[in-house]
2 protein chains.
Amino acid sequence: MTPRRGRLPAAERERRRRDILRAARELYVEHGYGATTMAMIARRAGASKETLYAWFGDKEGLTRELIEWGADESASAVAAALDQGDGDPVAALTAYADGLLTLLTGPPSVALNRAAMASPALARVLREAGRQRAGRLVSGYLGRLHRAGVIDAPDAEAAFGLLYGLVVQDTQIGVLLGAPAPSARDRAARARAAVERFMRLVAARPS
Amino acid sequence: MTPRRGRLPAAERERRRRDILRAARELYVEHGYGATTMAMIARRAGASKETLYAWFGDKEGLTRELIEWGADESASAVAAALDQGDGDPVAALTAYADGLLTLLTGPPSVALNRAAMASPALARVLREAGRQRAGRLVSGYLGRLHRAGVIDAPDAEAAFGLLYGLVVQDTQIGVLLGAPAPSARDRAARARAAVERFMRLVAARPS
DNA sequence: CATTATCCGTACTCTCGGGTACGCTGTCAA
DNA sequence: TTGACAGCGTACCCGAGAGTACGGATAATG
């Protein structure tokens with residue numbers, strides 16, 4: 001509400017940048033990517049269109065930064081979840097699974113995934129910044145479990161795919177297509193069941 | 001190439017309708033939904049824009065019919081796959097799994113799923129005509145396996161979700177976001193592994 | 001305090017695609 | 001045979017939104 005005018009110091013400028021991204025994310029959630037105009041974003045952020053174009057290049061550039069910002073947040077969330085449980089892999093994986101479902105079915109993720117479908121460039125960013133980065137974290141964790149003899153999964157990448165499938169099933173694509181998102185209770189139950197099945201499938205063979 | 005003019009008899013009219021839908025599908029695959037204009041569709045189908053609007057209402061209506069057409073095809077494919085194997089459930093489910101992967105990662109399905117992301121109405125059609133319909137077929141099949149004592153899966157819906165997750169994992173969303181589609185060999189291997197794991201997880205308990 | 005780089009607000013241009021109107025032509029039905 | 005309809009081609013309208021230009025206001029900076 002404070003009309004900011006004149007040049008901004010670096011710190012303030014960084015905050016304004018986040019304000020703009022936040023405004024864009026809200027509008028994508030409310031109206032969808034296609035129906036959100038640069039004018040709407042500028043209006044909600046209390047900025048001018050010219051500033052948007054000066055800072056982000058164009059609508060795609062702005063959206064790209066939005067995706068990267070979200071990917072940063074989710075990567076930290078994954079790392080944090082895997083640190084839970086005090087070394088108990090089931091607890092850590094369950095925390096990760098729950099977080100994954102919460103993230104993927106959350107409005108911001110849904111809006112950005114839909115947006116990415118409309119632009120190959122954005123899709124690439126989302127895939128690399130989001131999925132692949134988180135995948136590496138989890139694969140690395142599963143690889144360590146394997147080497148520690150906790151599970152029998154020589155191919156950590158494949159094990160990650162298996163876990164992912166058990167957790168997510170068709171939930172994400174369903175929500176992207178308009179199905180209601182699962183409740184917190186549902187997510188927790190799914191996470192537990194998925195990890196239990198995962199452990200059963202990759203149980204370490206007695207040597 | 002034959003310039004069709006004058007009123008069309010019913011049979012011919014039906015063929016022209018398919019021609020138009022086929023043209024639209026090709027263009028969606030080549031350029032994406034958003035970048036495909038009604039003029040392009042009319043041009044490729046050798047029809048006039050006015051005819052498109054007269055027959056389909058608007059772009060969304062045309063796309064809706066396209067989705068329903070594809071759903072019809074895929075429902076028959078599912079039914080056919082489940083009939084394979086001469087009563088061997090593993091063979092039938094493997095055929096289904098392979099077909100599912102082939103369908104979901106195929107260019108037409110990818111193009112239509114991306115299109116549906118841009119419109120809640122289209123998303124609803126795709127979800128109901130496609131996913132739910134196929135889901136009912138498979139759930140019904142799994143329910144029969146359960147009642148026959150072949151598997152232990154009292155909740156057929158949940159069992160379908162599990163099978164789906166084991167088969168598809170993150171492949172569909174990945175392809176939608178631009179990852180390369182899996183090869184036929186990869187699909188077959190995935191289908192076999194998924195069904196093998198599925199059977200292990202829902203193995204009938206010895207009573 | 002003067003200066004200057006920003007930044008807001010607004011108004012503007014331009015392109016593009018959805019949707020419509022219309023005349024011409026060819027084919028089917030009476 | 002002949003009307004009348006259906007469908008092609010083309011030209012057109014219009015709204016909308018991306019991106020730009022510019023004047024005026026303002027706060028950091030020296």
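Values in this document were obtained by computation on a predicted structure and should not be read as measured data. Chain naming here is simple, since letters A, B, ... match the order of the sequence lines and numbering starts at 1 in each.
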Checking all strands, does B:A47 fall into the base, sugar-phosphate, or nothing category for heavy-atom contacts under 4.0 angstrom?
sugar-phosphate
DNA chain D-proximal residues of residues 57-64 of chain A, any heavy atom under 4.0 Å:
A:D58, A:K59
Rounded to whole Å, please give me the gap between CZ in B:F56 and C1' in C:dG18.
16 Å
Determine: side-chain N/O of A:R13 to OP1/OP2 of D:dA27, distance under 4.0 Å, yes or no.
no
Phosphate-side-chain proximity, A:W55 and C:dC7, N/O vs OP1/OP2 below 4.0 Å
yes
I want to check one thing: is the phosphate of C:dC8, taken as OP1 and OP2, less than 4.0 Å away from some side-chain N or O of A:T51?
yes
Over how many whole Å does the gap from B:R43 atom CZ to C:dG17 atom P extend?
14 Å
Any side-chain heavy-atom pair from A:I173 and B:L104 closer than 4.5 angstrom?
no
Take the protein atom CZ of A:R44 and the nucleotide atom P of C:dC8, then report the distance between them rounded to whole Å.
17 Å
B:R124 atom CZ, neighbour heavy-atom count above 12 within 6.0 Å:
no
Using whole Å, report how far CG of A:L52 lies from C1' of D:dG17.
14 Å
Establish whether the base of C:dC7 is bridged to the side chain of A:E50 by a donor-acceptor pair shorter than 3.5 Å.
no
So, taking the atom named CZ in B:F198 and the one named CG in B:L166, what distance separates them when rounded to the nearest 0.5 Å?
8.0 Å
Are any of the side-chain nitrogens in B:R44 or B:E26 under 4.0 Å away from the carboxylate oxygens of its partner?
yes
Per the atom types in the model, does the base of C:dG9 pair as donor or acceptor with the side chain of A:K49 at under 3.5 Å?
no
Taking CG from B:L27 and P from C:dG17, how many angstroms apart are they, rounded to a whole number?
13 Å
Is it true that atom CZ of A:R17 has more than 12 heavy atoms of other residues, nucleotides or ligands lying nearer than 6.0 Å?
yes
Ring pair (Phe, Tyr, Trp, His ring centres under 6.0 Å): pairs with one or both residues in residues 23-44 of chain A, sequence neighbours excluded
A:Y28-A:Y33
Nearest whole Å is fine: how far is D:dG7 C1' from B:I20 CD1?
10 Å
Any residue in residues 28-40 of chain A with a heavy atom nearer than 4.0 angstrom to DNA chain D? Just list them by number, or reply none.
A:T36, A:T37, A:M38
Specify the separation, in whole Å, of atom CZ of A:R16 and atom P of D:dA27.
13 Å
Under 6.0 Å from the CZ atom of A:R200, do we count more than 12 heavy atoms belonging to anything else shown?
yes
Has A:R43 got more than 12 heavy atoms of other residues, nucleotides or ligands less than 6.0 Å from its CZ?
no
Spacing of A:K59 atom NZ and A:M38 atom CE [to the nearest 0.5 Å]
8.0 Å
